[in-house]
Undergrad: 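Please read through the structure below; I'll follow up with questions.
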Amino acid sequence: MSKPSDLIQGTLDLLILQTLAFGKVHGHAIARTIERRSDEVLQVGHGSLYPALQRLLKSGLIVAEDGVSENNRKARFYWLTTKGRKQLSASSSKWERLTSAIARVLSPAVEEQS
């Protein structure tokens, strides 16, 4: 069985992969996109984001290159690999099944007829 920290780590990985599905993005923009798309509910700190990016790089799900941001500052840009796209699809399906199951448990129970 997975540890609760694995679920949280896996969720952040999924959010990062989804953000990168739209193309090359630098780290700060990844965090900002997640925050904006969640209506500021999810806050991604650098202490969580960059270790997750390193983990995804190491596993071959993303690649990176150095460049210059829209503010003319040095930045590292990340994007999905083919392996990363496959993982995004698999993880998204798993997430949908998980959240659906949790929603069923949390919804008011309908009394079953015996």
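Scope of the values below: all heavy atoms of this structure, side chains included, with no hydrogens, waters or symmetry mates.
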Undergrad: Could you tell me which residues satisfy side chain to side chain contact (heavy atoms under 4.5 Å, CB included) with L49, sequence neighbours excluded, listed by chain and number?
TA: I16, I30, A31, V44, L53

Undergrad: Which residue pairs satisfy the ring-ring contact (aromatic ring centres under 6.0 Å, His included) criterion with at least one member in residues 47-69, sequence neighbours excluded?
TA: H46-Y50

Undergrad: Determine which pairs satisfy salt bridge (Lys or Arg N to Asp or Glu O under 4.0 Å) with at least one residue from residues 27-42, sequence neighbours left out, and list them in order.
TA: R32-E35, R32-E40

Undergrad: For S48 and L12: C-alpha separation, side-chain torsions, deciding distance, then whether side chain to side chain contact (heavy atoms under 4.5 Å, CB included) applies.
TA: CA-CA 8 Å; S48 299; L12 178 56; 3.9 Å; yes

Undergrad: Hydrophobic side-chain clustering at under 4.5 Å (ILVMFWY, transitive links): who's grouped with V68? Put none if nobody.
TA: none

Undergrad: What ring-ring contact (aromatic ring centres under 6.0 Å, His included) pairs are there with at least one residue in residues 10-43, not counting sequence neighbours?
TA: H26-F77

Undergrad: Which hydrophobic side chains are connected to W79, either touching it within the sub-4.5 Å cutoff or through other members that do?
TA: V63

Undergrad: Return the CG to OG1 distance between L98 and T11, rounded to the nearest 0.5 Å.
TA: 8.0 Å

Undergrad: Nearest heavy-atom pair of A21 and L80: which atoms, and what distance?
TA: CA-CD1, 3.6 Å

Undergrad: Quick one: side chain to side chain donor-acceptor pair (under 3.5 Å) partners of Q18, sequence neighbours excluded?
TA: none

Undergrad: When rounded to the nearest 0.5 angstrom, what distance separates CG in L15 from OG in S38?
TA: 8.5 Å

Undergrad: How long is the span from the CG atom in L61 to the OG1 atom in T81, to the nearest 0.5 Å?
TA: 5.5 Å

Undergrad: Pairs in or reaching into residues 75-89: which pass salt bridge (Lys or Arg N to Asp or Glu O under 4.0 Å), with residues at least two apart or in two chains?
TA: D66-R76

Undergrad: Measuring from atom CG of L88 to atom OG of S93, what distance do you get when rounded to the nearest 0.5 angstrom?
TA: 9.0 Å

Undergrad: With sequence neighbours excluded, tell me which residues meet side chain to side chain donor-acceptor pair (under 3.5 Å) with T19.
TA: none

Undergrad: If I take atom CG from residue L17 and atom CD from residue Q87, how far apart are they, to the nearest 0.5 angstrom?
TA: 7.0 Å

Undergrad: Identify, with sequence neighbours excluded, every residue that meets side chain to side chain donor-acceptor pair (under 3.5 Å) alongside Q43.
TA: none

Undergrad: Which pair of non-hydrogen atoms, one from I62 and one from Y78, has the smallest distance, and what is that distance?
TA: CD1-CD2, 3.8 Å

Undergrad: Determine which pairs satisfy salt bridge (Lys or Arg N to Asp or Glu O under 4.0 Å) with at least one residue from residues 22-31, sequence neighbours left out, and list them in order.
TA: K24-E65

Undergrad: Using side chain to side chain donor-acceptor pair (under 3.5 Å) as the criterion, list what pairs up with S100, not counting sequence neighbours.
TA: R104

